[in-house]
Every structure is written in structure tokens, then in C-alpha cells.
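See below for the structure under consideration.
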Protein chains: 2
Amino acid sequence: MGRPLRPRGKLLQEDTRRHHRSLLLQQLFREGPASRADLARTTGLTRVTVSDLMAELVADGLVEELGAPAESRVGKPPTLVGLAADATHIIGIDLSATDRMTGAVINLAGEVQARHEVEIAGARGAAAVALVHRLATELIAMTDRPVLGVGVGSPGVVDAAGTVIDAPNLEWSETPLATSLADDLGLPVFVANDANTAVLGEHTFGESGDGGLMLLRVGTGVGAGLVLEGALLHGHLGAAGEIGHVVVDPDGERCACSRTGCLETILAVPHLRRRLEQHDSAGVLTSTGELLGAALAPVVGTLNLHELVLSGPAELLDGPLREAAERTIRERTMPVSSDGLVVRTSKLGEDVVLVGAAVLVLAGQLGVS
Amino acid sequence: MGRPLRPRGKLLQEDTRRHHRSLLLQQLFREGPASRADLARTTGLTRVTVSDLMAELVADGLVEELGAPAESRVGKPPTLVGLAADATHIIGIDLSATDRMTGAVINLAGEVQARHEVEIAGARGAAAVALVHRLATELIAMTDRPVLGVGVGSPGVVDAAGTVIDAPNLEWSETPLATSLADDLGLPVFVANDANTAVLGEHTFGESGDGGLMLLRVGTGVGAGLVLEGALLHGHLGAAGEIGHVVVDPDGERCACSRTGCLETILAVPHLRRRLEQHDSAGVLTSTGELLGAALAPVVGTLNLHELVLSGPAELLDGPLREAAERTIRERTMPVSSDGLVVRTSKLGEDVVLVGAAVLVLAGQLGVS
DNA sequence: GTTTGTTAGTTCAGCGCACTTACATATTCC
DNA sequence: GGAATATGTAAGTGCGCTGAACTAACAAAC
């Protein structure tokens, strides 16, 4: 039965070729170097087609020949081909911090090659956009390789075209960041919400499995991103993962959003740090984890999630809090939901958003992720 | 940016043709009859290609010429073509009731043409499978049209191949219902969980929008199905929507599953009816709705759902309970999540699963949904 | 009543893409 | 050294779409 997807539009022969190109890149990306004959076997394409596409990919500088493998068997020894991870670079930008914009030059393997950042220093609106332009330009100047594209993880709700619908901190509203950057830089630009960007990073480079993945980003605010059935979830109005102001404790603290007991009031780093100073540390972390677990149990059950990843200050998240959340979720969901569940912290640490921004570009430009 | 889907496999020219075939069927299915030239315009295909595909579809009996439209404008009047909704029939089967198996002959427009049912009368395991075979055979005999396929909504967890992993009531475990039926009947057979089936029915024939849709089925048990980004959510182990034994009230009633305060203990019809007899009716419905809303608020916020549909006895669901649930969800989520949300009862009533089973076939065989 | 303009649908040659078949090449096994 | 095995390339085939040109059928203008 698979996943019957509704046909989305006209399909050209050109699309077929791009699809197969991505198929091969994807294979090299996930499984590493292989011979053309191996690729033909795993993808189902013929050796002829694989050779043809490979010639194109080599010409584009995305793939390189690596010679014969060490060990040898009967028959003509194969020529390995592999992704030329460092022949092309990607610019990743993380706008989720409140005081600075960080960026990086990243290779096709998701490895950070260089970093750079600019202070926000109160820049808002158009000035903040100009700052992103500056950061991007400076990052592009830091690599001598062709740049595949620019990925940006921005706070706030971002639509599919890369327009920031609403980001209060930067005073952005209906700001067409992607098109503005693309016009300025002459490069493909992809913009998405920071939590969505982060979950893509974790999904692709965080050794995560193939099941549903939810990443909860805990910082000044709280937000989530989800990858379900292999694809990023956008939601009805592009606001999937906006979980920070879901009420988890009706008897809790008053929130700035006018509700009471929002998830942010117990979990956002400033609030959590403050409560840790005032009360018994282990108790606060445990009770916070329990409230989080209670809120997430219905989500885990409904989605039959495979992995729940916490991203944020490890000293806060990776201990009693995570354990209490995991325990609560298991207590509150049935075995068929919780048996397959993994609750862990991010393997990419502070770089999730940067690396995720690179994944935006990889997926958009190469069909790889 | 769209939705960068990872390439799933080799693409043949044949697939292109099938894709375009589905594209045209989809257009006729959703927008009704149109001229070939109109179809060419809306799909982006050329008139030549549309004509060619149409000839094929007419030959297959799926589409019929309807002559010229009444009103006329400049130029040669078009020939309308439309889906031949009654030239082919679909068999839909609903196994979610405890005492009987119901089935129907359904046309391509999702309209029930004939009904039939068999008593389960305690049949379990292989005997229950045989009963499904009998029901299917008898239904096929009730129509003189070619049968496009058989769709089955079964209780329990069902994998992508249509094998029922676990359905306690029927004592099925790893039961390959789809292949067994397909071999027996010589027809394509699609099996899915009843709640998943129902949500497909609602999505396709329930006048629902394009955003995320969650259908909560309230009966002897409680389960849900979700359509996100236009496609059915399966979940990591095929157990998406298994929400009946998520704990919503830790101080609640003991559940048969050994947990306390599962959603089923407050919402399943038998439990709810019992509580309604013992206490004030409005109060019970309202408090039940509030607990339901509290459990669903994190789900609604996380997924940025567009529609939440309750399916089950209308006299229980469509009143204070629905209102309390909706109010609670709105109180507990932020405007960006709740503004776009619609909470309603199913427009298909008792037939959701039957009609959804037909959608399984429509989607699987024609790529339409 | 004829001409003009517009739209619908078909015919035909051509092109892109992947496939099949066939072959050159390079190595191991006997 | 020859048979067997495997890789990668070359040539030709088939399928599906496209653009351009053509026929058909009508309304509006004169």
C-alpha cells in the first residue's frame, strides 16, 4: 500500500532525470562511496543509466571517482565513486539566538568548515534583514568553493516560500527573507522556522532512525519541529511545532501571552533557571519533566513517534528532566506506542540549527536528506 | 520550497504516464466534468497528451464523454468528459463493530449503492477471516459492474502490506488479510486500521479542507486517524492514532489495560453511557469534553491541525462534549494554532469506515483521493 | 449569407530519457 | 594460458511528451 501520494503536477522527462540524479546522490550520501554497478543494483537503474548520470554529476563537481577498492574479487575491479563533500559548500545561518546571528560554512557531509557571527545589537526590521545579508555575504567570502545555496533557520512562523510571517523578536512581519536574500546573493536561499530547521538537521545528521522524529528546542522560548514519514511537517498554516504556549499546568504561572501555565513558563531556560535557584534542583527538574511528559504523551501516542529529541542546555535537559519526561510518557502511553520510543538529547548540540539549515539546501538543491 | 520528498525509487516512463493518468482522474474527481482543453490548462499537460490519456481512460470505462455543455461561447464547443462514477464499483468493508461485519457496494463518487452484513457470532481467528471472505464474495455478487478493488477497515494495528498485526477482539495476530483476500478474490485488496480508514473517508468525501485532519473514533474503544500534508500518517510501527490508552486523568478510573485514567475510561461509549446514567448528564459531557480537550491541545498545537472530527454516537458527541473540548483546546493553545481550527462531528456518520475503505481502493488503484 | 476570429481536438515529426543488447576490459580461478 | 566473472561503455530501440500544423465547429461582424 505504501503511501499513496496525490499527484502534484505535471511530470516531465526532465523530472525523471532529476529524480534519478537525486536517487543516486541520496544513495552515495547515506551509504558512502560505491561502484556504478553497485549503484545500479541498489537503485534498480541499469548500469548504463547510472554511468550516464554519474558523468553528469562528476562534471558538476558533486561526485568524484575514487579508484578501485583495496580488496578484490573475481571480475573487473570496480571504480568507486563518492560524494565530493568538500568540492561544494553550503552557507548555514542560525537566527534563533537573541543577541547574535551565527553562521557557518558547511560541507556536503554536514561538517562545519568555518564559523562567523554578527551581533544583533538591537537591530530590528529592515536593519535585521540587512544584517542577515551582511552575514551571508561575509560567509560566502570565507570559502573558495562554489556555494550550493544558503539555508536560514529563523525564529517565528515561516511559510513555504521562505517569507517570515511573524517574528516578534526581530520585528519581522510578512518579511520575504528568502527572495530578498536570493535576489541579493544570486544563490538559492531556503528559510524555515528554527525548530523545523533543527529537526531536519537531527534527522539527517543526528543518527536518527526512519520513524517519526520530534525535536523540542528549549531556549529563551520553547518550540518543536517534526519529521513524519520522512518529510518535514509544515502544518495547516505553517505553524507546526508551535507548542511553547500550549497550557500544560492550568494552576501554573501566568505567562506573557496572557494564558496560565504555558509550557514555556515551566520549561523555557530563563524560567527554569530561576526556579532552580529558588527551589530544590532535582525536584524542580523532575516535576518539570513530568509536566512535559504529560503534555507530550498524547502527541507520542497519536503520532506513534520513534524519537523524541531534546535540544538545549544539556545541564538542564539531560538528567532528571529527560528521565522524568521519558518515564511519564511511558507510563501514560500504551506499549505499542512507547516500546519503539527513544527519548534523548540532540547529537548535534549547539549546531543543530546551522546543520539543519544546510539540510534545507541539500534537500532543496540535491534532493538529498 | 514545497515539500522535498526523498526520492523513493526508480521512475519509469510508465510511472510518468500513470502519474498523469491519476492527475487527470484527480482533477475530474475533485472538480467534476471538464473539457479536454480545460484539463490541459489546469494540469499543464498539452491537449495532445490529455486526449491520448483520455482515450485510454474511456477505453478502461473510468471516464465517459458527456457531450457539449449547455451554454456556448465563441469557438468550437467543447466535449465534456467526466468520471464514470457508476461504471465501476468498489467493495468497502467495515470490521470495527463488535457483533457484525458490514459491507457495501460503493461507486467512484463515494456513494453507497448497496449494503450487506454478516453476524460475527463469536467467530474468531481463521473463522473470522473466512467470514470476511464470505462477506466480500457476497458483496461482489451484488453488483453487475466490474469491481475496482476491495477496501477493508479493520480494528487493531495493520501494517502497510495489509497484514493485521494485532486485533484482540477478532483474535488476529500477524494475519495477512490483504494477501489472503486478494488471492481468494482475484482483486486488489487494501486493508487498514478502521480509524485510519475513517479519516481517509472524511478527508476525501467529508468536505474537509486541505490542512491537517484528525478523526477521533469513539465507539467500544477510542482511536484516531490522521491525514497530514495530504497523506495518511502511519507512524513508526504503523500504530499512529492509538490514543485510546493514553492517560488523560491520572486520578481516574482503573482501565483494563492496567493503567489508570486512559482516554477510553472516560470517552468510550460504554463507559460514557454508564457515567451518564449515574450522574448529571450535562456535567458529565462537559467534564469529559474538557479532559479530551486537555489531552488534544498539545496535539493540535504540535501539528497545527486544521480540522478535528469526532466520529461516533452524535447524541453523545455533538453537544456539550464537543463544545467543551473545543473551548478547552482554544483556551490551551495559542491563536496561531487555534484560529485555523475547526472542531466538528463527521459528515459521513456511520458510513465513514465503509466510505474510507472505498478511498483506500480509489487511492491505491487510481491515485485519487 | 459570407467572412473573420476563436476555441477544441487530432495528426505528425521530433526529442529526451532509460532500456536492451552487445562488447571491450580487467581481474580471479583452475 | 584459458575459462569464468564482473565492470563499464557504445549503439540501437521504445515510450511518452512536445510543438506546430491542421481540421472542425461555432459566434460575431458586416
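Here is how names work: the chains are called A, B, and so on, in the same order as the sequence lines, proteins then strands, and each is numbered from 1.
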Tell me: [atom1] of [X] to [atom2] of [N], nearest whole Å?
X     : N      : atom1 : atom2 : value
A:D52 : C:dT20 : CG    : P     : 15 Å
B:D38 : C:dT7  : CG    : P     : 12 Å
A:L66 : D:dT7  : CG    : P     : 17 Å
A:L80 : D:dT7  : CG    : P     : 11 Å
A:R21 : C:dG16 : CZ    : C1'   : 16 Å
B:H19 : D:dC17 : NE2   : C1'   : 13 Å
B:E56 : D:dC15 : CD    : P     : 13 Å
B:L24 : C:dG9  : CG    : P     : 13 Å

Within the structure shown, what part of the strands sits under 4.0 Å from [X] by heavy-atom distance: base, sugar-phosphate, or nothing?
X     : value
A:R41 : sugar-phosphate
B:T49 : base
A:R47 : base
B:R18 : nothing

Whether [X] contacts [N] is assessed here as follows: a side-chain N or O lying under 4.0 Å from the phosphate OP1 or OP2. Is that the case?
X     : N      : result
A:R17 : C:dG16 : no
B:T79 : C:dG9  : yes
A:T46 : C:dC19 : yes
A:H20 : C:dC17 : no
B:S51 : C:dT10 : yes

Any donor-acceptor pair under 3.5 Å linking the side chain of [X] with the backbone of [Y]?
X      : Y      : value
A:E229 : B:H234 : yes
B:Q26  : B:S369 : yes
A:N193 : A:V158 : no

Residue met sooner reading DNA chain C from 5', once A:V48 and B:A37 are mapped to nucleotides: B:A37

Closest to side chain of A:P77, choosing from C:dA26, D:dG8, D:dT9: C:dA26

Gap between atom CG of B:L24 and atom CG of B:L62 - 0.5 Å precision: 12.0 Å

Parallel, tilted or perpendicular, as decided by the 30° and 60° cut-offs, for the rings of A:F29 and A:F205: perpendicular

